[in-house]
Structures are given as structure tokens and as C-alpha cells.
Amino acid sequence: MGEDVAKHEFTREDRTRYRTKVRRCLDVFARMLREARFDFERPMTGLEIEINLIDENADPAMKNHEALQVIDDPDFVTELGQWNIEINVAPRRLAGGGITAFEETVRRSLNSAEQKAREVGAHMVINGILPTLRPKDISPDLLSGNPRYALLNEQVLAARGEDLQISIDGVERLHLTANSIVPEAACTSTQLHLQVSPEQFPAYWNAAQAIAGVQVAIGANSPFFLGKELWRETRIALFQQATDTRGDELKAQGVRPRVWFGERWINSIFDLFEENVRYFPALLPICDDEDPLAVLDKGDTPALSELKLHNGTIYRWNRPVYDVVRDRPHLRVENRVLPAGPTVVDTLANAALYFGLVRALAEDERPLWSQMSFQAAEENFNAASRNGMDAQMYWPGVGTVPVVELVLRRLLPLAHEGLIRWGVDSAERDRLLGVIEQRCLSGVNGATWQAREFHRHYDHTHMDRADALRTMLRTYVDLMHANEPVHTWPLT
């Protein structure tokens, strides 16, 4: 959903035409894979971070339009809710100081944006779910102004045919009926992009799926929603339910959800795009005038707009991406499992763990996914979302162990090796993976810090729940700006 869309009404003919066009795109994509037309000689990585806006009281600031006007930077764009924006960081290689360059760029951009946004009474927060959101903040009139969001909302609810039901049982319980997809806007994430060749793609995607649970457990930062303490990474369950186009009957029939972990290891990127076309009806059946086959026959690169738009409405936690840059097509794995925050240095430490592990596992002579069922990977992911750093994980050759033990004993050495292969120097590796190590040794990530700080105020003072959350968030924001990793944060 990264591109603007303008059409607001769809006919049966639109849907028929779109189905024909998207299948034609899929055929052309298959031919491009056979003919090895992709750019991958200098693989690039990318980073996107979704950001919340708050006011002076630490409540949501519904000012993304005003904030973006004063920020005046094309790297910052709207997101679904009026309290959301996103920064898209220019891609770069990891070698030669690339991770540090990401960190410096993001810090500089966020500091500048924060200073400018203050002019309109807004402040930046990078976390998975804004803990001070209230039921009144998730009403339909608080969608961002871009027409694409209203259109997406309309189509999701039309496909579902009834209101959304959100039910999350964690430390506390939340049951909510929503008449829009605005609850999805509560979910703010970090997205990591990795460019790979067609031949490499299945190994990197499988590796990313295999470690998704580890990423979530170690990086969890979303323990609260609408004032309730739920999962350590509540964002996972909330995002799945807030975009679910299936009623109970379709769930009972086994229809796949649009927010999807998947159901099998793959042998080609084509498997994922083909599943998208086979399993999921169009949400936004918008066709352009390009004939992708004619473009390919001329020796040019087709945009495959319909295939890309369809892919953008299926929210895999590790999403395949086809894109064209400077008339050259390329493929990326988009890793979407991580929340935003707590700090920029924590974000880049999470990125270092991811990039290192997927490289090491993808190049292993005996692939991990040949020793582990796909169901085990999904169970790890679900356990991590619920329990964070207290999760138990299954790992081949190890069995079921605490995730912190798995990371410390088995995965950190692998991540170091993978970063060496990317050309990341020893100082960067030691500094960023050292953050992960200390997080595991201390047992503190963003979710555990938020929960402990909240309970320190709520359980031991006369504050009510809302004030305890605001007080916790104000401290969070101060420490976030200091950019010291979360495991070093004090409890006030």
C-alpha cells in the first residue's frame, strides 16, 4: 500500500479484468526468473521505521499532516493513523560502515524532525504500540487523509461483511469490536530490506522465517494496547486481527488470513507470488495500461503494477518484493516482524542480528529448514509474541530451550560469522551484537522495561492506570532520545 490510489468504486468488470491482468503479470514474472534478468551484483539493504506522534501530555497527537508539512523531508511519509508517520532510509550496502551509517542517518533525521514537529505540538516516539492510546483514538475519522487509506478500509470491511472482532488474551484480556481498520494503525514496526538474487531468495526467505520467533522475543516492545497489558509483542496479534477479511465461517473453512506467517518452506520466490494469486482475492483491483509481455518482448523492464499492488495487500511477516530501480528489476526479502524502537541503537542492533543470522543460515551446507518443520517455526513465532524474552524455542540439535539461552550459546556466534561475510568490521559487530548479548543477560528489552516501569507507578503509587502509562511513556521518550540501549535504562 505504498503507492497512492485514486479510484473509489469497483465493478465486477474491474475485478475480472484485474484477475486476468495479475495472472498475466505472474506469467511474465516467471519468464523473467527463467531468463535471469535481475540486478543483484551489488546487493543493497534498506530500513523503514514507523513512528508515533504524541503531545505534551504523552497522549496521541493527531497531527501527522501538520508534522510532515513542517518536517518537509521526502524521506518522511504518512502512515495509516493520524498519529503515525514513517521514515524511509536510503538503501546502502552493509560493508564499509553501512550499519553505522544507517544509525547516524536515522538519528540525524529523527532529531531534525523532532525539532521541527515541536512547532506544531507533536513529538516523536519509536515503539511498537503507543501505550497511551485510548478507545476514542481508534475511530474511523482518525484515518490519515490520503485517500488510499479510506479505500483500503472500505475494501477490507466490504470483503469481511461485518465489523472486526479483536480478542487478545495475555496478562490481561481485551475484547473489542471495531468498525474500521484504524486499530491496525496502532502497530508501528521496523522493516528491514535485503536484496538477493532469484537463486538466493528461497534460502534467505526460509532463514528469515526460521528466526522470526527469535527476533520477536529479543526485540519485543509492544506490551500495552488501550491501557491493557497483553502480549509482550501485542502488535503481532493486533495486526493479524485488525486486517482480517474473514468472518468466522471462512476461518472454519481454513481460508488463509491476509496477515500470514505462511505454511511451508519454499523453493522459489515464485512460490510466494503464486500463492498470493491463488489464495487471495483482490482488495484493490486497479489496472494500469502496461502490457507487461509487450514490454518484456521489447527488452524493457515491466513494472508488473498489478502483481505488486496485490502483493502489497497481503501482509506476510517476511514479504517478497519485486521492484524496479533505474530500469533494472530486483528482488528483496522484506522483514516485517520487528516493532519500532526503543532506541535507534536498539533498532540497529536488531538489524545486525537479523542480517548476520540470515546470511549465516542461508549459506549453511545443511539448511536449518531441512531439520525443522515449518510448524515449529510458526510455533516459535507465536510463543515469542506472547512471552517475549521468557519464551521457550525449539531449535534443531538443541531441543526446546529458553530463547535467551539459544541466542547466547548458539545464535550470536552465527550472527558474528554472517556479518563477517557481509564485510561488517569487528567494531560494528562487537558493539551492536553486544547490545543483543547484554539484553539477553539482563532479561530486559523494550517490553519488559515498559511493563516494569508501568507497574512501579501503578502498583506502588496512587496513580490511576492512564497516568501511570503517561508517566512511563514520558520517561521512555527521554531515554529514547539519549540513545542508550534499553537494557541500560533505569527504573525511576
Side-chain angles (χ1 to χ4, degrees), residues 1-10 50-55 57 59-69 77-86 120-122 125 127-168 174-189 222 224-228 230 234-248 250-251 257-259 281-286 309 312-315 340 466:
M1 279 305 299
E3 297 180 3
D4 290 348
V5 291
K7 194 169 184 178
H8 292 267
E9 295 182 6
F10 301 116
E50 296 168 350
I51 302 163
N52 291 305
L53 300 176
I54 60 171
D55 61 20
N57 294 322
D59 290 325
M62 305 301 173
K63 296 186 175 182
N64 66 354
H65 178 71
E66 296 94 325
L68 289 172
Q69 283 188 316
V77 296
T78 59
E79 259 298 328
L80 183 64
Q82 291 182 19
W83 69 93
N84 305 142
I85 60 175
E86 179 179 89
V120 295
V125 183
N127 63 357
I129 295 177
L130 192 62
T132 54
L133 281 169
R134 303 150 297 190
K136 70 177 185 178
D137 299 322
I138 57 170
S139 67
D141 58 347
L142 294 176
L143 280 170
S144 283
N146 192 309
R148 74 174 185 261
Y149 299 122
L151 182 57
L152 182 63
N153 178 67
E154 173 189 309
Q155 294 301 309
V156 167
L157 292 177
R160 183 176 172 84
E162 57 188 84
D163 287 347
L164 293 159
Q165 301 295 324
I166 296 172
S167 179
I168 305 173
L174 174 73
H175 299 284
L176 171 71
T177 298
N179 61 352
S180 75
I181 62 169
V182 175
E184 180 195 338
C187 306
T188 42
S189 67
S222 312
F224 297 100
F225 178 55
L226 298 186
K228 292 185 179 290
L230 301 169
T234 304
R235 181 183 125 266
I236 300 297
L238 179 57
F239 191 63
Q240 288 171 336
Q241 297 179 40
T243 54
D244 200 341
T245 56
R246 306 168 304 159
D248 291 343
L250 293 181
K251 292 177 187 178
R258 296 191 90 95
V259 177
L283 274 184
L284 303 172
I286 301 168
L309 180 59
T313 63
I314 299 157
Y315 306 98

Taking side-chain contact (heavy atoms from CB on, under 4.5 Å) as the definition, give me every residue that meets it alongside Pro140, ordered by chain and number, with sequence neighbours left out. Asn179, Ser180
Apply salt bridge (charged side-chain N to carboxylate O under 4.0 Å, His left out) to Asp244 and list each qualifying residue two or more places apart in sequence or on a separate chain. Arg246, Lys251
Can you tell me how far the CH2 atom of Trp83 sits from the CD1 atom of Ile138, to the nearest 0.5 Å? 7.5 Å
Donor on one side chain, acceptor on other, Thr188 and Asn52, under 3.5 Å: yes
Taking all atoms of both residues into account, what is the closest heavy-atom pair of Thr313 and Arg258, and its distance? O-NE, 3.0 Å
Applying side-chain contact (heavy atoms from CB on, under 4.5 Å), can you list everything that pairs with Val77, at least two apart in sequence or on another chain? Glu86, Asn88
From Asn84 atom CG to Ile51 atom CD1, the distance as rounded to the nearest 0.5 Å: 10.0 Å
Main-chain N/O of Asp59 paired with Asn57 side-chain donor or acceptor, under 3.5 Å: no
What residues, two or more places apart in sequence or in another chain, satisfy side-chain hydrogen bond (donor to acceptor under 3.5 Å, both in side chains) together with Asn153? none
Which distance, rounded to the nearest 0.5 Å, do you find between the CG of Leu283 and the CD of Glu154? 11.0 Å
Rounded at 0.5 Å granularity, tell me how far CG in Asn64 sits from CD1 in Ile85. 7.5 Å
According to side-chain hydrogen bond (donor to acceptor under 3.5 Å, both in side chains), who are the partners of Asp141, at least two apart in sequence or on a separate chain? Ser139
Could you list the residues that satisfy side-chain hydrogen bond (donor to acceptor under 3.5 Å, both in side chains) with Thr132, not counting sequence neighbours? none
Could you check if a side-chain atom of Leu164 sits within less than 4.5 angstrom of a side-chain atom of Pro183, using non-hydrogen atoms only? no
If you take all heavy atoms of Leu133 and Ala186, which pair is closest and at what distance? CD1-CB, 3.5 Å
Flag side-chain contact, heavy atom, 4.5 Å: Arg148 against Leu151: no
Closest heavy-atom pair and its distance - Pro60, Leu130: CG-CD2, 3.8 Å
With sequence neighbours excluded, what pairs up with Phe225 under the ring pair (Phe, Tyr, Trp, His ring centres under 6.0 Å) test? none
Examine distances only and state if a side-chain atom of Gln240 and a backbone atom of Val259 form a donor-acceptor pair shorter than 3.5 Å. no
Closest contact, heavy atoms only, Ile166 versus Gln241: CA-OE1, 3.1 Å
Considering residues at least two apart in sequence or located in another chain, which fulfil the side-chain hydrogen bond (donor to acceptor under 3.5 Å, both in side chains) criterion with Thr234? none
Residue set satisfying side-chain contact (heavy atoms from CB on, under 4.5 Å) with Ala466, at least two apart, ordered chain then number -> Asp464, Arg470
Note: Leu143 and Ala150 closest approach over all heavy atoms is CD1-CA, 4.1 Å
Side chain to side chain contact (heavy atoms under 4.5 Å, CB included) between Glu162 and Asp248, intermediate numbers included: CA-CA 10 Å; Glu162 57 188 84; Asp248 291 343; 5.7 Å; no
From Leu142 CG over to Met62 CE, what is the distance, rounded to the nearest 0.5 angstrom? 4.5 Å
Shortest non-hydrogen pair, Leu309 vs Leu284, comes out as CD2-O, 3.4 Å
Should Lys63 and Asp55 count as an ion pair when the cut-off is N to O under 4.0 Å? no
side-chain contact (heavy atoms from CB on, under 4.5 Å) filter on Glu184, not counting sequence neighbours, yields Leu80, Ile181, Phe239, Ala242, Thr243
Point-to-point distance, once rounded to the nearest 0.5 Å, from CD1 of Ile129 to CG of Leu230: 8.0 Å
Taking Arg160 for the side chain and Asp163 for the main chain, is one N or O donor matched with an acceptor at less than 3.5 Å? yes
Test item: Ser144 side-chain N/O and Gly81 main-chain N/O as donor-acceptor pair under 3.5 Å: yes
